[in-house]
J.: 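I am attaching a structure below and will ask some questions about it afterwards.
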Amino acid sequence: MNLLIALVIGLMAGAHSATWGMYKDAVYEGFTYRKYFRSIILSGLIAIVFERVTNLDVMQPANMVIFYGMTYVIERGMLEFYKTFLREEDQSKYFIPMQFHVGGKVVHSQWRRWLTGGAYAIGVALAIMGIMALRNVSLNLPDVIIVLLVGSVGGWISAFGGAWKDAPLEGFEWLKFFRSPVIASIYALLIACFTNDYLYISMGALGYTVGTIETYKTFFFPNKPRGKFAGKAIQFPEMLKKRYNFVPLFVAIWLAVITTCIIALIQPRTGLI
């Protein structure tokens, strides 16, 4: 039963990211179920592996909250790494290239992209190891301050990565740069109610941050193209209506997540806060 619940949570996380991605991109790239189910299947597999490795009891609402955020961030990280450093794709359809680029100029050398991707992966791994190492260090700081600092780590990784990719072509915005660290810190306060594990707090908060920011950009500004398609003409106008068919699923997932958070907060808690 624990594995089954973990799988359902993983599929929900994947459906969430697949839906906002489709909603924004399908009018420019078209819609295929193969692409739509990519994130769903990947998240389901991640959930199975994560449950087996951690043995997290996802029958408890508090752990459901943690599990959803962790599955979300792992799926997003894996997919973005693949698109940036490994995938070979024609970049002419984008305003902001999705492959690794320097100042807007795509790095076509495969071995250079792989080498850079390896360095990036090592950097992220070191950051994660640093967070895990904090478990054995006495910082002599209030728990709330520790949570805010640890929680912002994932947000800073996202902020610097986004600035590197987007700023050379659409300009640097201070508000946009600090958005991810601030929101991640807020979500860290929530997750810290349910666990004292710094890694869960930091990375889980980033998962929720990505989902929240993308929801805001997608559904509060539905007619504003994503940065990568800025200035590009709509190629599949029929998707302007068809994409609405997926909105009920997206809303249902958010309602399930929010309801689970409320239930978890009502129950006795054993986190840092």
Side-chain angles (χ1 to χ4, degrees), residues 1-21 23 39-40 43-44 46-48 50-51 54-76 131 142-155 158 179-220 246-273:
M1 182 59 71
N2 200 68
L3 183 60
L4 178 60
I5 294 174
L7 176 59
V8 171
I9 294 173
L11 295 175
M12 288 173 58
H16 190 277
S17 61
T19 301
W20 60 251
Y23 198 92
S39 287
I40 299 174
S43 288
I46 291 170
I48 292 173
F50 191 66
E51 191 274 342
T54 64
N55 291 315
L56 196 64
D57 181 10
V58 291
M59 297 182 72
Q60 302 298 321
N63 289 336
M64 290 181 183
V65 175
I66 297 168
F67 198 89
Y68 180 89
M70 290 297 296
T71 304
Y72 207 109
V73 74
I74 294 172
E75 183 273 332
R76 285 291 87 198
I131 294 171
D143 288 338
V144 172
I145 300 299
I146 295 174
V147 169
L148 291 174
L149 292 174
V150 171
S152 70
V153 172
S158 177
R179 180 175 60 191
S180 289
V182 170
I183 295 177
S185 295
I186 295 172
Y187 271 117
L189 292 173
L190 170 66
I191 298 176
C193 293
F194 312 129
T195 180
N196 55 13
D197 189 301
Y198 293 160
L199 184 61
Y200 289 168
I201 293 171
S202 180
M203 294 297 105
L206 179 57
Y208 282 100
T209 298
V210 173
T212 299
I213 291 176
E214 293 298 340
T215 297
Y216 169 73
K217 293 191 298 183
T218 301
F219 295 98
F220 284 77
F246 294 83
V247 172
L249 172 63
F250 191 83
V251 173
I253 294 172
W254 261 125
L255 289 175
V257 170
I258 293 171
T259 300
T260 304
C261 287
I262 293 173
I263 294 173
L265 287 170
I266 292 174
Q267 295 181 343
R269 304 191 298 272
T270 58
L272 285 175
I273 298 177

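Throughout, residue positions are numbered sequentially from 1 according to the sequence presented. Just so you know, these numbers use all the heavy atoms, side chains as well, and skip hydrogens, waters and symmetry mates.
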J.: Going by atom types alone, do E75 and S39 pair a side-chain donor with an acceptor below 3.5 Å?
T.: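 Looking only at side-chain atoms, S39 and E75 do form a donor-acceptor pair, the distance falling under 3.5 Å.
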J.: Could you go step by step and tell me if T215 and H16 meet the side chain to side chain contact (heavy atoms under 4.5 Å, CB included) rule?
T.: CA-CA 9 Å; T215 297; H16 190 277; 3.7 Å; yes
J.: Side-chain contact, heavy-atom cut-off 4.5 Å: I186 with V182?
T.: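 Yes - at least one pair of side-chain heavy atoms lies under 4.5 Å apart.
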J.: Between S152 and L149, is there a donor-acceptor pair closer than 3.5 Å when you use the side chain of the first and the backbone of the second?
T.: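 Yes: the side chain of S152 pairs with the backbone of L149.
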J.: Might you confirm whether atom OH of Y216 has over 12 heavy atoms from other residues, nucleotides or ligands at distances under 6.0 Å?
T.: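 Not more than 12 within 6.0 Å, no.
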J.: Between atom CD1 of I213 and atom OG of S180, what is the distance when rounded to the nearest 0.5 Å?
T.: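 Interatomic distance, I213 CD1 to S180 OG, rounded to 0.5 Å: 3.5 Å.
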J.: Yes or no on side chain to side chain contact (heavy atoms under 4.5 Å, CB included) for V73 and V210, after CA distance, side-chain angles and deciding distance?
T.: CA-CA 8 Å; V73 74; V210 173; 5.7 Å; no
J.: Would you name the heavy atoms of S202 and G154 that are closest together and state the gap between them?
T.: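 So the two residues come closest at OG-N, 3.6 Å.
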J.: What's the spacing between I201 CD1 and S185 OG if we round to 0.5 Å?
T.: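 Answer rounded to 0.5 Å: 11.5 Å.
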J.: Would you say N196 and T270 make side-chain contact, with heavy atoms under 4.5 Å?
T.: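 The answer is no, as the side chains (C-beta and beyond) never meet within the 4.5 Å cut-off.
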J.: Distance-only criterion, 3.5 Å: show the donor-acceptor pairs between side-chain atoms of residues 64-71 and protein atoms not counting sequence neighbours.
T.:
from : atom 1 : to  : atom 2 : distance (Å)
T71  : OG1    : F67 : O      : 2.8

J.: Please report the closest heavy-atom contact between I191 and G204, naming both atoms and the distance.
T.: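 That closest heavy-atom pairing would be CD1-C, 3.4 Å.
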J.: Kindly compute the distance separating CG (L249) from OG1 (T19), expressed to the nearest 0.5 Å.
T.: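 It is 5.0 Å, given to the nearest 0.5 Å.
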J.: Any donor and acceptor pair, going by atom type alone, linking the side chain of S17 with main-chain N or O of G14 inside 3.5 Å?
T.: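 The answer is yes, because a donor-acceptor pair under 3.5 Å joins these two groups.
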J.: What are the two closest heavy atoms between A6 and V58, and how far apart are they?
T.: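 Heavy-atom minimum between the residues: N-CG2, 3.8 Å.
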J.: Would you say the ring centers of F250 and Y23 fall short of 6.0 Å from each other?
T.: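 No, they do not, as the ring centres are separated by 6.0 Å or more.
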J.: Taking L56's backbone N and O only, do any of them form a donor-acceptor pair with N63's side chain (distance below 3.5 Å, no angle check)?
T.: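 Side chain of N63 to backbone of L56: no pair is present.
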J.: How close do I263 and P61 get, counting heavy atoms only, and between which atoms?
T.: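 Scanning both residues completely, I find the closest heavy atoms to be CG2-CG, 3.9 Å.
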J.: Nearest 0.5 Å, please: how far is OH in Y72 from CE in M12?
T.: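 The CE atom of M12 sits 11.5 Å away from the OH atom of Y72.
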J.: If you measure from CZ on R269 to CD1 on I266, what distance do you get to the nearest 0.5 Å?
T.: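 One gets 10.0 Å once the value is rounded to the nearest 0.5 Å.
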J.: Which distance, rounded to the nearest 0.5 Å, do you find between the OG1 of T195 and the CD1 of I273?
T.: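 Between T195 OG1 and I273 CD1, I get 11.5 Å after rounding to 0.5 Å.
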J.: Using side-chain heavy atoms (C-beta onward) and a distance below 4.5 Å, is I131 in contact with M203?
T.: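 SC-SC contact between I131 and M203 confirmed.
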J.: May I ask you to test the T209-S158 pair for a side-chain heavy-atom distance under 4.5 Å?
T.: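 Not touching, per the 4.5 Å side-chain cut-off.
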J.: What are the two closest non-hydrogen atoms of A188 and A205, and how far apart are they?
T.: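 Nearest heavy atoms, A188 then A205: N-CB, 3.6 Å.
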J.: For A15 versus I253, what's the shortest heavy-atom pair and its separation?
T.: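 Here A15 and I253 meet closest at CB-CD1, 3.7 Å.
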J.: Please list all pairs meeting ring pair (Phe, Tyr, Trp, His ring centres under 6.0 Å) that have one or both residues in residues 181-206, counting only residues at least two apart or in different chains.
T.: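 Counting only pairs at least two positions apart or across chains, the ring pair (Phe, Tyr, Trp, His ring centres under 6.0 Å) contacts touching residues 181-206 are Y187-Y208.
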